[in-house]
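Just below is one structure, and these are the notes that go with it.
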Amino acid sequence: MKTRKFTRRQVIATTSAGMLGTMISWPLSSIGSGSYAKVKLAINGGEKVHPGSWPNWPVWDQSAEPGIIEMLRSGRWWRGSGEHVEEFEKRYAELMSAKRCVATASGTTALITALGVLGVDAGDEVLVSPYTFIATYNAIFYHKALPVFVDSDPETFLLDPKKIEARITDRTSAILPVHIYGLPADMDSINKIAKNHKLKVVEDACQAWLSEYRGKRTGTLGDLGCFSFQNSKHLPAGEGGAILGNDDDIMDHCHSAHNCGRPYGNMKVTPGYPLRGGNFRMQQSQALILLSQMKRIEKDNDIRLSNALYLDKKLKDIPGIVPYKLADGATRAVYHLYPFRYIKEKFNNIPKEKFINALVAEGIPATGGYGQQNKDGLFEEAFNSRGYKRLFSESRLKKWREENHLPGNDQLCNEAVTFYQSILLGSKKDMDDIVNAITKIYENKDSLT
Ligand SMILES: *Cc1c(COP(=O)(O)O)cnc(C)c1O
């Protein structure tokens, strides 16, 4: 047997007996043929593996409504005149086992505040993953610092700690690892390098609520950790964010910086405002939504994890499908997206986009992950600005361009396929449909040209 064939019997055996009824919608002629071959792909006009719907996101809990109406009628809409933002900060710090929390307007403003308080300044360099949402770089650019990429490990989807040291210069002031998709980065290795070179570490945990590294929550392992509560996230409030930290002085400064630079806590008293700051405050309405959404996140994460582990087990047996690998020390992932790699050589060299289109046609929503953002226009736009030309020499920018070859990340961008988190809130039968749809495409790849 050269390539592994999936018999219809094998696939049914992996699913519950109750699923048999749903399989009947497939052409009966295929039963007994021993294979998915000769079942028409949905993209070619055949029946979908998953004709039904998927869980919606976000999910509203009506029991939160009286509290929100009361807050609206009171006119106490901002954090200065009400208690809800402070209550959220306290509860979120507890949930995440962090000493302190500062709630912010968004994940982006949390990152901007954290980097600024830890001293990232104009002309500095910040080491960062090339596989992330664009907001990670925007936070660095906000401080007129240079994002310096550390190549991705395509197996883990994360920054490769072995490649950090080669990118450190005398201008480097911080490392900004991203726990992308809720997959924890190898924080021990990152923190060790940071300590040796006197660098600060800000964790971009904007997709990593309650994921764990050596049993500890991501976002509590560096100097500061940043979170997003934008509508698509596991803890949604339309917009919102948070900074977690365990150092009182640093957290006092975060509070101050997010609140126009007003003094806070035990900060040294100076006349007027001691710090430059912004207005990055969270609103009362956001906090009330978050306090309500917090009631479901642990249960939701358990469902996502159990379905993800099930997919890991089933998908790895399909030729050309390689699920993510957890980094050293990662003990729990939370799957803002569920990622795997599609190796097109095992699929007759059918491009990833065609594979995704075929999967979507079967009723399985899938996307291709992040593109090669190290080639996005914002980098040259920044480097050609008056400010960056003043701050960075021509030879420094030339070196940046020469080093901007990221083979690991290029491979990852070419191969990644992802399912959005709410897909993982589906039933076991939904997960079987995902496995069956990919198997069906594999077995019928000859009809996909
Ligand atoms: C969502 C997100 C952000 C930014 O958060 P906003 O709340 O949208 O500002 C930053 N980094 C990553 C990895 C994200 O997913």
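The shown structure was predicted, so the numbers you read here are calculated from the model rather than taken from an experiment.
Below 30°, between 30° and 60°, or above 60°: for H234 and H336 the angle between ring planes is between 30° and 60°, a tilted geometry. Aromatic ring orientation, H255 versus Y264: parallel (interplanar angle below 30°, classes split at 30° and 60°). Taking the six-membered ring where tryptophan is involved, the planes of F227 and F229 are essentially parallel, since the angle between them stays under 30° and well short of 60°. Under the 30°/60° scheme for interplanar angles, the aromatic rings of F383 and F379 are found to be tilted.
Sequence neighbours left out, not one pair with a member in residues 49-60 passes salt bridge (Lys or Arg N to Asp or Glu O under 4.0 Å).
A donor-acceptor contact closer than 3.5 angstrom links the side chains of Y310 and D432. In this model, no donor atom of one side chain and acceptor atom of the other lie less than 3.5 Å apart for Y137 and N374. Between the side chains of N246 and R100, not a single donor N or O lies within less than 3.5 Å of an accepting N or O. K428 and S306 are linked by a side-chain donor-acceptor pair at a separation below 3.5 angstrom, with hydrogens and angles left out of the test. For the residue pair N409 / Q372, no side-chain donor-acceptor distance below 3.5 Å is found, with atom types taken as modelled. Side-chain contact of Y181 with Y131: a donor-acceptor pair under 3.5 Å is present, judged by distance alone. With no hydrogens or angles considered, no side-chain donor-acceptor pair links S129 and T132 at under 3.5 Å.
Counting only heavy atoms from C-beta outward, the side chains of K90 and C101 never approach each other to under 4.5 Å. Side-chain contact between N414 and Q411 is absent, with no heavy atoms from C-beta onward closer than 4.5 Å. The shortest side-chain heavy-atom distance between N56 and S422 does not fall under the 4.5 Å cut-off. In this structure the side chain of V126 never reaches within 4.5 angstrom of the side chain of T172, judged on heavy atoms. Side-chain contact between Q284 and W78 is absent, with no heavy atoms from C-beta onward closer than 4.5 Å. In this structure the side chain of Q207 never reaches within 4.5 angstrom of the side chain of V178, judged on heavy atoms.
The neighbour count for K316 NZ, taken as heavy atoms of other residues, nucleotides or ligands under 6.0 Å away, is above 12. Applying the 6.0 Å contact sphere to CD of E403 captures more than 12 heavy atoms from other residues, nucleotides or ligands. Counting heavy-atom neighbours within 6.0 Å of N266 CG, excluding the residue itself, gives a total of 12 or less. Around atom CH2 of W77, no more than 12 heavy atoms belonging to other residues, nucleotides or ligands sit under 6.0 Å away. For K200, the NZ atom sits in a loose shell: 12 or fewer heavy atoms of surrounding residues, nucleotides or ligands are nearer than 6.0 Å. Other residues, nucleotides and ligands contribute at most 12 non-hydrogen atoms within 6.0 Å of the CD atom of E86. Residue Q62 qualifies as open at atom CD: its count of foreign heavy atoms under 6.0 Å is 12 or below.
A salt bridge between R76 and E83 is present, with a side-chain N of the basic residue lying under 4.0 Å from a carboxylate O of the acidic one. A salt bridge is defined here as a Lys NZ or Arg NE, NH1 or NH2 lying under 4.0 Å from an Asp or Glu carboxylate O, and K325 with E155 meets this definition. Ionic pairing of D248 and K99 is present here: one or more N-O contacts between side-chain nitrogen and carboxylate oxygen are shorter than 4.0 angstrom. Checked for salt-bridge contact, K162 and D186 miss the test: no charged N lies under 4.0 Å from a carboxylate O. E212 has no carboxylate O lying under 4.0 Å from a charged side-chain N of K216, or vice versa, which leaves the two without a salt bridge. By the 4.0 Å N-to-carboxylate-O rule, K429 lies close enough to D433 to be salt-bridged with it.
Both tests do not hold together for K346 against Y442: distance to the six-membered ring centre under 6.0 Å, angle to the ring axis within 45°.
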Steps toward side-chain hydrogen bond (donor to acceptor under 3.5 Å, both in side chains) verdict (N404, R401): CA-CA 5 Å; N404 192 18; R401 291 184 184 102; over 6 Å; no

Give the intermediate values and the outcome of side-chain hydrogen bond (donor to acceptor under 3.5 Å, both in side chains) for residues Q230 and S232. CA-CA 6 Å; Q230 186 273 337; S232 68; 2.6 Å; yes

Given ring pair (Phe, Tyr, Trp, His ring centres under 6.0 Å), test Y342 with F347 step by step and report yes or no. CA-CA 9 Å; Y342 165 79; F347 279 75; 4.9 Å; yes

Check the pair E415, K352 against salt bridge (Lys or Arg N to Asp or Glu O under 4.0 Å), reporting the backbone distance first and the verdict last. CA-CA 7 Å; E415 296 178 347; K352 182 175 89 171; over 6 Å; no

Please determine whether side chain to side chain contact (heavy atoms under 4.5 Å, CB included) holds for the pair Y92 and L244, giving the CA-CA distance in whole Å, both sets of side-chain angles, and the decisive distance to 0.1 Å. CA-CA 9 Å; Y92 193 64; L244 294 184; 3.9 Å; yes

E203 and H179: side-chain hydrogen bond (donor to acceptor under 3.5 Å, both in side chains), yes or no, with the steps? CA-CA 8 Å; E203 296 172 78; H179 306 296; 2.8 Å; yes

Would F392 and L146 count as a side chain to side chain contact (heavy atoms under 4.5 Å, CB included) if you check the C-alpha gap in whole Å, the side-chain angles of each, and the deciding distance to 0.1 Å? CA-CA 9 Å; F392 296 96; L146 183 69; 3.6 Å; yes

Derivation of the side chain to side chain contact (heavy atoms under 4.5 Å, CB included) call for I356 and T367: CA-CA 7 Å; I356 290 175; T367 51; 5.9 Å; no

Let me see the working for L311 and I434 under side chain to side chain contact (heavy atoms under 4.5 Å, CB included), right down to the final yes or no. CA-CA 8 Å; L311 285 179; I434 291 174; 4.0 Å; yes

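Rounding to the nearest 0.5 Å places CG of L159 at 8.0 Å from CD1 of I175. Note that OG of S292 is 9.0 Å distant from CG of L290, once rounded to the nearest 0.5 Å.
With sequence neighbours excluded, no residue forms a side chain to side chain donor-acceptor pair (under 3.5 Å) with Q293. In this view, Q421 and R304 satisfy the side chain to side chain donor-acceptor pair (under 3.5 Å) rule, not counting sequence neighbours.
N231 places a side-chain N or O within donor-acceptor distance of the main-chain N or O of G238, the cut-off being under 3.5 Å.
When each of V148, V150, V201, V128 is tested with L176 by the rule side-chain contact (heavy atoms from CB on, under 4.5 Å), just one qualifies, namely V128. In summary, of the residues considered (R167, K399, R171, R396), a salt bridge (Lys or Arg N to Asp or Glu O under 4.0 Å) with E125 occurs for R396 alone. Y338 pairs with exactly one of T418, D312, V417 by the side-chain contact (heavy atoms from CB on, under 4.5 Å) rule, that one being D312.
Taking the ring centroids of Y324 and F340, they lie at or beyond the 6.0 Å cut-off.
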